[in-house]
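Sharing a structure with you now.
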Amino acid sequence: MLINSTMSGKKELFLPIHDNRVNLFVCGPTVYDNSHIGHARTYIFFDVVARYLKHIGFSVFYLQNITDVDDKIIDRAALQGISPRLLARTFEEKYREDMQALGVTNINYYARASEHIAEIISQIGRLIEKGFAYETQTGVYFDESRFGDFGKLSHQSLEDLEKHRIEPDPTKRNPGDFSLWKKRQDGPEVTWDSPWGKGRPGWHIEDTAITENYFGAQYDIHGGAMDLIFPHHEAEIAQMEATSGKKPLVRFWMHTGFLNVNGEKMSKSLGNFTTIRDMLQKFDADSFRFFVLSSHYRSPIDFSESALDQSRKSLERIRQAAKAIEEELERRRTSADEASQENENARAGLSEFRTKFLDAMDNDFNTPYALKAVFELVREVNRRINERSISKESLIEAGQLLDDFGRILGISFSVAQAGQSVSSGNNEDKTGNLIELLIDVRQKLREKKDWALADEIRNRLSEQGIVLEDAKAGGGRYSIKLSE
RNA sequence: GCCAAGGUGGCGGAGCGGCUACGCAAAUGCCUGCAGAGCAUUACCACUCCGGUUCGAAUCCGGACCUUGGCUCCA
């Protein structure tokens, strides 16, 4: 398969370093607040990366760090009068709940920065020994002038990087040198002993200490959003390649585009900051996943209510087809349909849709193109059902294809688990029985051609959010719209 | 200023050298008591601009313009 690497800017053939094993690392959140829908975009995408790589037979280990030692956490905790650890653990828990709610379920291990201090200290020590880092009164810094490749990922030269907006720490040798260890004491929970005195790690070092610990000096894929390319990922390259002397740190750098809101970057000052929790109050997780995956992962996407609405409706079309397949299969159970069987013989099989879907995914995770294949399958199956030219085998195959595609994308295409909650007519509860009763009465009215009353029942149920759909041969079905 | 990603039909969004997706919305027809769903067809076929390469460019090259982001907080 082909994967675009930020380093080369090109699609390259993906082969893991170790046989069949794929080591995947994605920068996790700094847990000082609720995660927002921009995080969700990135993490949903990499969840699909893991799902797909597993589907095509790789053994994937997906590692994510949790930044639970950080200035923002300390500041926020002080503001709220609670301990940094309590704050961090609280939002870490919420983050995990959010991921669960979004169907992001393929992360094998979350590594907390605070639980890898020994590894961090070890790596800093080796950097100093090799002359890539130095100690001052304020901390330990990486000397970028000693590492020739600095800037290679973001395509910037050292001269470009001389320009800076924040006044650099005066003890640093070069303005671009970044912090490995901060000599600060902000309370026992965020202060550790080190050969350079008490303090805490800088932001970049935790990731390479963690990946070195679990993956070694080199691994397959490192993911994150575009804004992390510089300086964060640049710093990771410098730290690990300087420590180990092995290049490259990572074979494939993958970066997701931004999620904007009405064309603007999401930010608290603009008031367009949407947390995952708030979003899920209004939209179901599957619709959001569909929205995320209907654009290419490197393109910017624009979040809006109408975009989400459109995604919901598009997804609904796939689910309608899944429903039609089930119903047709049910019908076949009671009566054999020789005609359909025979009519289909002239038709091609459905396997071409699997090929199209997998080809799209194989080409740098082109999820919009993969979704196209899903819709083409849907149309073909609908057509065949309508024309009575589909065999039982093809119905089963189509159902399996939809299931497989849904599993890879982490979206439920089947009716049963639909977010909109579509009930079929065999509810056990009393409400369901009442609705059944009304449908029965209405059916009798229809048989008597009392259209006025029949329509009134349908309209009034519709006002209650219960939508009736009449079938040709009586009975019919209904669905309950939970939202709105 | 430097670096990066973009500018495609009413909207969303693929394609990245030649037949133009896919979805949403719309129209007409079939089906239906009506509606919905489904199916078929349609809208006469859009690619920021200006040059160039080519038999042929949305797609390659050069140049402009615009948008968003990064430049040591950031998914």
Side-chain angles (χ1 to χ4, degrees), chain A residues 6 9 26-30 32 35-46 70-72 75 144 151 153-157 159-166 168-169 175-179 202-204 223-232 234-235 255-260 263-267 290-291 294-296 298-302 304 306-318 320-321 323-324 360 366-376 378-379 381-387 446 449-452 454-455 458-459 462 467-472 476-477 479:
Chain A
T6 307
V26 176
C27 291
T30 301
Y32 72 104
S35 300
H36 55 68
I37 54 179
H39 297 106
R41 191 233 176 140
T42 296
Y43 297 135
I44 285 171
F45 173 68
F46 284 105
D70 178 85
D71 292 349
K72 286 194 291 289
D75 294 348
E144 64 166 20
L153 184 67
S154 55
H155 312 288
Q156 288 172 290
S157 66
E159 295 79 72
D160 295 338
L161 299 173
E162 290 301 307
K163 301 196 174 93
H164 46 83
R165 294 197 299 206
I166 294 173
D169 184 294
D177 290 354
F178 54 87
S179 174
W203 175 40
H204 312 301
M226 297 244 181
D227 56 348
L228 294 181
I229 294 174
F230 186 88
H232 186 53
E234 209 72 76
H255 292 102
T256 53
F258 277 104
L259 180 148
N260 296 318
E264 291 173 316
K265 182 181 177 173
M266 213 170 21
S267 76
F290 189 97
F291 165 69
S294 58
S295 295
H296 190 83
R298 281 183 279 119
S299 304
I301 56 175
D302 202 48
S304 68
S306 66
L308 262 284
D309 261 0
Q310 201 169 297
S311 293
R312 201 197 68 235
K313 285 177 187 162
S314 302
L315 177 55
E316 196 54 38
R317 176 171 161 83
I318 300 171
Q320 288 287 357
K323 189 155 56 166
N366 192 334
T367 52
Y369 211 73
L371 284 172
K372 171 193 166 176
V374 177
F375 283 110
E376 285 176 348
V378 163
R379 186 166 54 191
V381 168
N382 283 336
R383 187 186 293 150
R384 290 190 194 186
I385 290 175
N386 254 47
E387 292 173 357
R446 289 181 69 210
K449 299 201 191 299
D450 188 342
W451 309 123
D455 286 355
R458 185 171 62 197
N459 290 339
S462 170
V467 180
L468 296 191
E469 287 178 23
D470 296 337
K472 276 174 200 160
R477 57 169 181 260
S479 59

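Below, chains carry the letters A, B, ... as their sequence lines are ordered, and counting in each starts from 1.
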*Quickly work out the A:Phe230 CZ to B:G69 P distance and round it to whole Å.*
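Atom-to-atom, A:Phe230 to B:G69, this comes out as 18 Å.
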_Side-chain ion pair, A:Asp455 and A:Arg458, N-O less than 4.0 Å_ =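 Salt bridge between A:Asp455 and A:Arg458, a charged N being under 4.0 Å from a carboxylate O: yes.
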*A:Leu371 or A:Ala454, whichever maps to the more 5' nucleotide of RNA chain B*: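 Upstream on the strand: A:Leu371.
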_Could you tell me how far B:A57 sits from B:G51 if I compare only their C1' atoms? Round to whole Å._
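One C1' to the other, the span is 14 Å.
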_Rounding to an integer number of Å, can you tell me how far A:Leu153 CG sits from B:C71 C1'?_
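Going from A:Leu153 (CG) to B:C71 (C1'), I get 14 Å.
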*asked:* If I pick the C1' atom on B:G6 and the same atom on B:G12, what distance separates them, to the nearest angstrom?
replied: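 Between the two C1' atoms, the distance is 16 Å.
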*OH of A:Tyr43 to OG1 of A:Thr256: how many Å apart, nearest 0.5 Å?*
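Those atoms lie 9.0 Å apart.
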*Using the P atom as the reference point in each nucleotide, state the distance between B:U41 and B:G23 in Å, no decimals.*
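These two P atoms come out 12 Å apart once rounded.
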_Gap between atom CG of A:Leu228 and atom OG1 of A:Thr42 - 0.5 Å precision_ =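 Here the rounded value is 8.0 Å.
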*Is there a donor and acceptor pair, one atom on the side chain of A:Arg458 and one on the base of B:C34, closer than 3.5 Å?*
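Result: at least one qualifying N/O pair found.
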*When rounded to the nearest 0.5 angstrom, what is the spacing between CD in A:Glu316 and NZ in A:Lys313?*
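The CD atom of A:Glu316 sits 11.0 Å away from the NZ atom of A:Lys313.
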*From the options B:G23, B:C34, B:U72, select the nucleotide whose nearest atom is closest to the side chain of A:Asp455.*
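Given the options B:G23, B:C34, B:U72, the side chain of A:Asp455 is closest to B:C34.
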_By the 4.0 Å heavy-atom rule, please label A:Phe375 as base, sugar-phosphate, or nothing._
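Sugar-phosphate: the residue A:Phe375, judged by heavy atoms under 4.0 Å, touches backbone atoms but no base.
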_Integer angstrom distance from the C1' of B:G56 to that of B:A37_ =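 B:G56 and B:A37 have their C1' atoms separated by 45 Å.
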*Watson-Crick and G-U pairing of RNA chain B written in dot-bracket, each distance under 3.5 angstrom, with | for inter-strand partners*: (((((((..(((.....[...))).(((((.......))))).....(((((..]....))))))))))))....
*B:U72 P sits how many Å from A:Asp70 CG, rounded?*
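One finds 16 Å between P of B:U72 and CG of A:Asp70, rounded.
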*Write down the distance separating the P atoms in B:C45 and B:G9, rounded off to the nearest Å.*
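Per the computed distance, 13 Å lies between those P atoms.
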_Whether over 12 other heavy atoms sit under 6.0 Å from A:Phe258 CZ_ =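 Check passes, neighbour count above 12.
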Every protein N/O within reach of nucleotides 5-12 of chain B N/O, cut-off under 3.5 Å:
none

*Could you tell me whether the side chain of A:Glu234 and the main chain of A:Leu153 form a donor-acceptor pair under 3.5 Å?*
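Here the side-chain-to-backbone pair exists.
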*Which part of the nucleic acid, if any, lies within reach of A:Ile385 when heavy atoms closer than 4.0 Å are counted: base, sugar-phosphate only, or nothing?*
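Nothing: the residue A:Ile385, judged by heavy atoms under 4.0 Å, touches no strand.
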*What is the distance from CG of A:Leu228 to P of B:G69, rounded to the nearest Å?*
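It is 16 Å, rounded to the nearest whole Å.
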*Using the test ring-ring contact (aromatic ring centres under 6.0 Å, His included), find all partners of A:His232 that sit at least two apart in sequence or belong to another chain.*
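Partners of A:His232 by the ring-ring contact (aromatic ring centres under 6.0 Å, His included) criterion, ordered by chain and then number, come out as A:Trp203, A:His204.
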_B:G17 to B:C60 separation - C1' atoms, rounded to the nearest Å_ =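 Per the computed distance, 8 Å lies between those C1' atoms.
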_Pair A:Asp309-A:Arg312, salt bridge (charged side-chain N to carboxylate O under 4.0 Å, His left out): steps then yes or no_ = CA-CA 5 Å; A:Asp309 261 0; A:Arg312 201 197 68 235; 3.0 Å; yes
*Once you round it to whole Å, what is the distance between P of B:U67 and CG of A:Asn260?*
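Atom CG in A:Asn260 sits about 14 Å away from atom P in B:U67.
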_Using atom C1' in both nucleotides, what's the gap between B:C61 and B:U28 to the nearest angstrom?_
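Rounded to whole Å, the distance is 46 Å.
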*Please report, rounded to the nearest Å, how far the P atom of B:A14 is from the NZ atom of A:Lys372.*
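From A:Lys372 NZ to B:A14 P: 13 Å.
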*Presence of A:Arg446 side-chain N/O under 4.0 Å of B:U32 phosphate oxygens OP1/OP2*: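 Indeed not, no polar side-chain atom of A:Arg446 lies that close.
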*Quick one: list whatever passes side chain to side chain donor-acceptor pair (under 3.5 Å) with A:Asp177, sequence neighbours left out.*
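Only A:Tyr134, A:Asn174 meet the side chain to side chain donor-acceptor pair (under 3.5 Å) criterion with A:Asp177.
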*Does A:Trp203 make a side-chain N or O approach to OP1 or OP2 of B:C74 shorter than 4.0 Å?*
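So the side chain of A:Trp203 is within the cut-off, an N or O lying under 4.0 Å from OP1 or OP2 of B:C74.
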*Would you say B:A21 has OP1 or OP2 under 4.0 Å from some side-chain N or O of A:Arg379?*
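Answer no for this pair, as no side-chain N or O of A:Arg379 is under 4.0 Å from OP1 or OP2.
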*Which word best sums up how the rings of A:His36 and A:His39 line up, parallel for under 30°, tilted for 30 to 60°, or perpendicular for over 60°?*
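A:His36 and A:His39: tilted rings.
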*Between the main-chain N or O of A:Phe291 and the side-chain N or O of A:Ser295, is there a donor-acceptor pair closer than 3.5 Å?*
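No, because the side chain of A:Ser295 does not come within donor-acceptor range (under 3.5 Å) of the backbone of A:Phe291.
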*Sugar-phosphate only, base, or nothing, as touched by A:Lys449 at under 4.0 Å among non-hydrogen atoms*: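 No contact at all - A:Lys449 keeps every heavy atom at 4.0 Å or more from the nucleic acid.
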*Of the nucleotides B:G13, B:G33, B:C39, which has the atom closest to the A:Asn382 side chain?*
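Nearest listed nucleotide: B:C39.
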*Minimum-distance nucleotide (side-chain atoms of A:Gln320 versus B:C22, B:G69, B:A37)*: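 Looking only at heavy atoms from C-beta outward on A:Gln320, the closest nucleotide is B:A37.
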*With heavy atoms under 4.0 Å as the rule, sort A:Gly38 into base, sugar-phosphate or nothing.*
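Base contact.
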_Distance check, P atoms only: B:G29 and B:U67, in whole angstrom units._
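Result for the P pair: 46 Å, nearest Å.
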Every protein N/O within reach of nucleotides 15-18 of chain B N/O, cut-off under 3.5 Å:
from  : atom 1 : to       : atom 2 : distance (Å)
B:G15 : OP1    : A:Asn366 : ND2    : 2.8

*Expressed in angstrom and rounded to an integer, what is the separation of A:Ile229 atom CD1 from B:U72 atom C1'?*
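So the CD1-C1' distance, A:Ile229 to B:U72, works out to 15 Å.
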*B:C22 P sits how many Å from A:Ile318 CD1, rounded?*
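Going from CD1 in A:Ile318 over to P in B:C22 covers 14 Å.
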_With heavy-atom distances below 4.5 Å as the criterion, would you say the side chains of A:Ser314 and A:Phe290 are in contact?_
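A:Ser314 vs A:Phe290: side chains touch.
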*Counting heavy atoms from C-beta on, name the nucleotide in B:C22, B:G23, B:G69 closest to the side chain of A:Ser314.*
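Closest nucleotide among those given: B:G23.
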*asked:* For the CG atom of A:Asn260 and the CG atom of A:Asp302, what is their distance to the nearest 0.5 Å?
replied: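 Nearest 0.5 Å value for the CG-CG distance: 6.0 Å.
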*asked:* Applying side chain to side chain donor-acceptor pair (under 3.5 Å), can you list everything that pairs with A:Thr6, at least two apart in sequence or on another chain?
replied: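 A:Thr6 satisfies side chain to side chain donor-acceptor pair (under 3.5 Å) with A:His255 only.
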